[in-house]
Amino acid sequence: MQQPEISLIVPLYNEEKVFHLLVERLDALIASSPYRLEIVMINDGSRDKTPELMREKALQSPQYTSVFLSRNYGHQIAVSAGMAHAKGTEAIMIIDGDLQDPPELLGDFYNKIKEGYEVVFAIRKKRKENFIKRSMYWLFYRILNRLSEIDIPLDSGDFSMISRRVCDILVAMPERSRFLRGMRTWVGFKQIGVEYEREKRLAGDSKYTLKALFKLAYDGIFNFSYVPLKMITSLGLYTILISLIYITYVVIKKLLGYEVPSGFTTLIMAITLFSGVQLISLGVIGEYLARIYLQVKNRPLFLVDNIIQNGEVINGQRIL
Ligand code: UDP
Ligand code: MG
């Protein structure tokens with residue numbers, strides 16, 4: 001088979017409910033697109049029928065490559081695994097399996113790539129998630145941009161198209177905890193945002209738990225900012241300043257001959273407040289330490305159980 005021009009990466013975790021709709025839309029896209037497309041589906045350790053469906057599809061259509069990871073690694077790693085296996089010579093597009101990101105934007109995105117942009121990211125015009133999730137996203141992106149040294153575009157997710165070159169760079173970046181939209185911004189080159197309406201999930205439930213969302217937010221902040229670490233120093237300085245003021249006040253009071261030994265409340269307040277400050281500071285240091293530890297262990301990012309490519313099963317691949 002000829003090399004595909006564009007690869008479409010679709011991470012899947014327990015998506016049996018939406019799978020048929022997904023394949024229908026992708027098949028229609030393959031049929032109508034003037035470009036040679038390749039679909040790279042990644043099974044991120046699903047526990048439902050997703051792997052069987054993926055297997056069946058990849059065995060019957062050579063445009064579909066299915067990569068089966070050894071367990072659930074999380075969305076960001078699954079997408080990274082997809083990038084490592086994408087063969088598209090010109091561009092790589094990343095979508096969600098639940099069709100919240102319309103794959104039909106492929107043509108528009110690719111036009112931008114042909115104009116010389118290396119990263120085309122989608123900007124959500126309107127979110128259709130519930131109010132709490134929406135406000136949390138809103139807040140997160142604003143905090144992240146205040147803290148980090150790069151300007152991650154507001155309200156853009158992983159839905160994007162990148163050039164072959166950027167894909168190679170991202171695959172070669174050895175970071176273990178991956179916040180892809182940050183890494184994609186960090187890369188630089190010519191980047192452009194395209195607005196779109198984010199759809200509702202077509203079937204099944206969201207696979208991002210609150211815990212996973214928080215992990216993502218943490219990765220965004222701690223992987224792209226030293227501000228929390230620096231804040232400890234400022235926190236320490238302010239604490240010293242406050243205690244100096246208080247000490248001066250007590251000493252003057254004493255010198256003026258007032259009774260001093262009342263002050264139990266102040267004492268308790270000082271102890272609890274400062275132990276809180278110290279514990280938070282330790283936690284911040286720990287956060288960076290854990291990331292260094294993870295990196296130093298240098299474990300493979302993911303293990304591949306097997307791959308189905310061009311209708312053939314390749315076993316026991318181990319990709320780092
Ligand atoms: N996903 C994954 N591994 C996970 C969680 C999610 O591969 O551990 C996939 C999921 O199947 C979907 C995409 O990542 O294709 C986005 O997940 P989801 O739609 O649940 O996230 P949301 O849109 O709710 O933020
Ligand atoms: Mg979704």
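The first residue of the sequence shown is numbered 1, and numbering continues consecutively from there. Every heavy atom of this structure was used, including side-chain atoms; hydrogens, water molecules and symmetry mates were not. Indexing begins at 1, ligand by ligand and atom by atom, following the structure's order.
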Assess, by modelled atom type and distance only, whether the side chains of [X] and [Y] contain a donor and an acceptor separated by less than 3.5 Å.
X      : Y      : result
Asp158 : Gln76  : yes
Glu5   : Thr89  : no
Asn223 : Ser177 : yes
Tyr141 : Arg181 : yes

Taking 2.8 Å as the cut-off, does an N/O/S atom of Ser206 lie below it from the Mg ion (ligand 2)?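 It does not: Ser206 brings no N, O or S atom closer than 2.8 Å to the Mg ion (ligand 2).
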Whether Asp205 and Lys17 form a salt bridge (side-chain N of Lys/Arg under 4.0 Å from carboxylate O of Asp/Glu) is what I want to check.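 No salt bridge links Lys17 with Asp205.
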Could you check whether Glu90 pairs with Arg164 (Lys NZ or Arg NE/NH1/NH2 to Asp/Glu carboxylate O, under 4.0 Å)? no
Ligand 1 versus [X], non-hydrogen atoms closer than 4.0 Å: side chain, backbone, both, neither?
X     : result
Asp96 : both
Asn72 : side chain
Glu15 : side chain

Sub-4.0 Å atoms of ligand 1 with respect to non-hydrogen atoms of Asp98: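 Contacts of ligand 1 toward Asp98, numbered from 1: 19 (O), 23 (O).
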Distance filter under 4.0 Å to Gly97 heavy atoms, resulting ligand 1 atoms: 12 (C), 15 (O)
Atom nearest to the Mg ion (ligand 2) - Asp98, N, O or S atoms considered: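 Going by distance to the Mg ion (ligand 2), the closest N, O or S atom in Asp98 is OD2.
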Heavy atom of Arg198, distance to ligand 1 below 4.0 Å: yes
Do you know the tightest heavy-atom contact between His75 and Pro11?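 Closest heavy-atom pair between His75 and Pro11: CD2-CG, 3.6 Å.
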Contact (N/O only, under 3.5 Å) between Pro11 and ligand 1: yes
Check this for me - ligand 1, Gln100, N or O atoms closer than 3.5 angstrom, yes or no?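 In this structure, Gln100 places an N or O atom under 3.5 Å from an N or O of ligand 1.
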